[in-house]
Amino acid sequence: MTEHVLNEQKTDQDDPVNQQREVTRLCIECGLLLLQHGAESMLVEQLTTRLGIALGASQVDSAISSNSLVLTTIIDGRCLTSTRRIIDRGINMHVVTEVQHAVILVEHHLLDRKQLKKKLLSIKPLRYPRWLMVLMVALSCACFSRLNGGGWESALITFLASGCAMYVRQVLSSHQMNPLINFCITAFVATTVSGLLLKIPYLAVTETISMAASVLLLVPGFPLINAVADMFKGHVNTGLARWTMASLLTLATCIGVVLAMTIWGLKEWA
């Protein structure tokens, strides 16, 4: 009885259709991890193709949209297609790098299908401590203020405002807040803190660059870069979708800034 079960399992594993199904699943899981964590479309297309060919496919075709990934593998004339929905997990280059490393190992025959599956399941986003993120973002914004003509008082205001804003942004993100609402509230907090600090008599003569520098943490630079890269490399639809999202984030930031200036009567930045 045991030998019969083992023979059936072996037959299933040796079945070409099952092998192709597993190859297709691994390729689309690879592409899904990349897209969920901010990789550009051309990189996703190249890595899924390289992985499929390394695992025995003669051809791998993929279609990438703003919220879905469709992938087809061709092995011995058989076509198998799989579709997955993309859920944004936030930009994380650690995941992208780990997936690239896994694909290279497969190409050099250092990982088989089972080992690759375990490798992909073990990839987790690298998260820095919240206090470290707040500190480094606050320092970078303060340095920008100082480099653009602001004094030490202006750098201090920027440090405090951007630090508070980054903390609020992380708290809202941990509660799965909509990114547009998140950016609007964060911009409101940054402008409020910097604007009210500028009203203190001792700091009244401080340069107003601190109000602009305190919201720099909300500039969607990475999505804009990916959008332009996608459009230049032929993925126009995905590029336009990313450009639109980045523009909406910018608009939400502007709404938060204007709302804070209106409520508190801040004219320093006007």
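- The backbone N or O of Ala260 sits nowhere less than 3.5 Å from a side-chain atom of Thr191 that would complete a donor-acceptor pair.
- With rounding to the nearest 0.5 angstrom, the CG atom of Leu160 is 12.5 Å from the CG atom of Leu196.
- In the model, Glu40 has no side-chain atom that pairs as donor or acceptor with a side-chain atom of His235 under 3.5 Å.
- The hydrophobic cluster containing Leu126 does not contain Ile123, counting ILVMFWY residues as joined when their side-chain heavy atoms lie under 4.5 angstrom apart, directly or transitively.
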For Glu22 and Val17, run side chain to side chain contact (heavy atoms under 4.5 Å, CB included): C-alpha distance rounded to whole Å, both residues' side-chain angles, the deciding distance at 0.1 Å, then the answer. CA-CA 9 Å; Glu22 186 177 3; Val17 176; over 6 Å; no

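- Among residues at least two apart or in separate chains, there is no salt bridge (charged side-chain N to carboxylate O under 4.0 Å, His left out) pair with a member in residues 123-150.
- Under the 4.5 Å side-chain contact rule for hydrophobic residues, Val228 and Met245 do not share a cluster.
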Do His37 and Met93 pass the side chain to side chain contact (heavy atoms under 4.5 Å, CB included) test, and can you show the C-alpha distance, the side-chain angles, and the key distance before you say yes or no? CA-CA 7 Å; His37 293 92; Met93 290 297 102; 5.9 Å; no

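- Both Val171 and Leu135 are members of a single hydrophobic cluster when ILVMFWY side chains are connected at heavy-atom separations under 4.5 Å.
- The main-chain N or O of Ala246 is found under 3.5 Å from a side-chain atom of Thr250 such that the two form a donor-acceptor pair.
- Residues Phe159 and Leu139 meet the side-chain proximity criterion, which asks for heavy atoms closer than 4.5 Å.
- Looking only at distances, a side-chain donor or acceptor of Gln20 sits under 3.5 Å from a matching main-chain atom of Thr73.
- Under the 3.5 Å distance criterion, with hydrogens and angles disregarded, a donor-acceptor pair is assigned to the side chains of Thr72 and Thr81.
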Kindly determine whether Asn182 and Ser173 satisfy side chain to side chain donor-acceptor pair (under 3.5 Å), including the steps that lead there. CA-CA 7 Å; Asn182 188 335; Ser173 297; 3.0 Å; yes

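- The distance from atom CG of Leu71 to atom OG1 of Thr49, rounded to the nearest 0.5 Å, is 7.5 Å.
- The side-chain heavy atoms of Val189 and Val193, taken from C-beta on, include a pair separated by under 4.5 Å.
- In this structure the side chain of Leu156 never reaches within 4.5 angstrom of the side chain of Trp152, judged on heavy atoms.
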Run the numbers on Ser68 and Ser65 for side chain to side chain donor-acceptor pair (under 3.5 Å), then give the verdict. CA-CA 5 Å; Ser68 64; Ser65 68; 2.6 Å; yes

Starting from the C-alpha separation in whole Å, work towards a yes-or-no answer on side chain to side chain contact (heavy atoms under 4.5 Å, CB included) for Arg25 and Arg21. CA-CA 6 Å; Arg25 186 180 297 113; Arg21 186 177 294 112; 3.6 Å; yes

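- Although no hydrogens or angles enter the test, the distance criterion places no donor-acceptor pair under 3.5 Å between the side chain of Asn67 and the main chain of Ile87.
- In terms of heavy-atom proximity, Leu116 sits nearest to Leu55 at CD2-CD1, 4.2 Å.
- Looking at Asp88 and Gln36, their side chains never come closer than 4.5 Å, going by heavy atoms from C-beta outward.
- Residue Ile86 is grouped with residue Leu51 when hydrophobic side chains (ILVMFWY) are merged at heavy-atom distances under 4.5 angstrom, including chains of intermediate members.
- Counting only distance, with no hydrogens or angles, the side chain of Ser214 and the backbone of Met211 share a donor-acceptor pair below 3.5 Å.
- Around atom NE2 of His94, more than 12 heavy atoms belonging to other residues, nucleotides or ligands sit under 6.0 Å away.
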Evaluate Met166 against Met136 for side chain to side chain contact (heavy atoms under 4.5 Å, CB included), listing each step before the verdict. CA-CA 10 Å; Met166 188 61 191; Met136 297 310 297; over 6 Å; no

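- The distance from the CG atom of Leu216 to the CZ atom of Phe144 is 5.0 Å, given to the nearest 0.5 Å.
- Between Val137 and Leu217, the shortest heavy-atom distance links the atoms CG1-CB, 3.7 Å.
- For the atom pair CD1 of Ile185 and CD1 of Ile255, the computed distance is 12.0 Å after rounding to the nearest 0.5 Å.
- A 6.0 Å sphere centred on NZ of Lys119 holds more than 12 heavy atoms belonging to other residues, nucleotides or ligands.
- Between Ile104 and Arg50, the closest heavy-atom pair is CG1-NH2, 3.8 Å.
- Here the shortest heavy-atom pairing between Lys199 and Trp264 reads CE-O, 3.9 Å.
- Interatomic distance, Ser82 OG to Ile28 CD1, rounded to the nearest 0.5 Å: 3.5 Å.
- Within the model, atoms OG of Ser174 and CZ of Arg169 stand 12.5 Å from one another, a figure rounded to the nearest 0.5 Å.
- Of the possible polar contacts, one joining the Thr238 side chain to the Ile64 backbone as a donor-acceptor pair under 3.5 Å is found.
- Residues Leu172 and Tyr128 fall within the same hydrophobic cluster, defined by Ile, Leu, Val, Met, Phe, Trp and Tyr side chains chained together at heavy-atom separations under 4.5 Å.
- Across all non-hydrogen atoms, the minimal contact from Arg242 to Ala227 is CB-CB, 3.9 Å.
- In this structure, Ala39 and Val96 approach most closely via the heavy-atom pair CB-CG2, 4.1 Å.
- With Gln115 contributing its side chain and Asp112 its backbone, the two residues share a donor-acceptor pair below 3.5 Å.
- Taking Thr253 as the reference, nothing meets the side chain to side chain donor-acceptor pair (under 3.5 Å) condition, with sequence neighbours excluded.
- A donor-acceptor distance shorter than 3.5 angstrom exists from the side chain of Asp230 to the backbone of Ser41, with no hydrogens or angles considered.
- Here salt bridge (charged side-chain N to carboxylate O under 4.0 Å, His left out) pairs that include residues 60-86, with residues two or more places apart or in two chains, are Glu29-Arg84.
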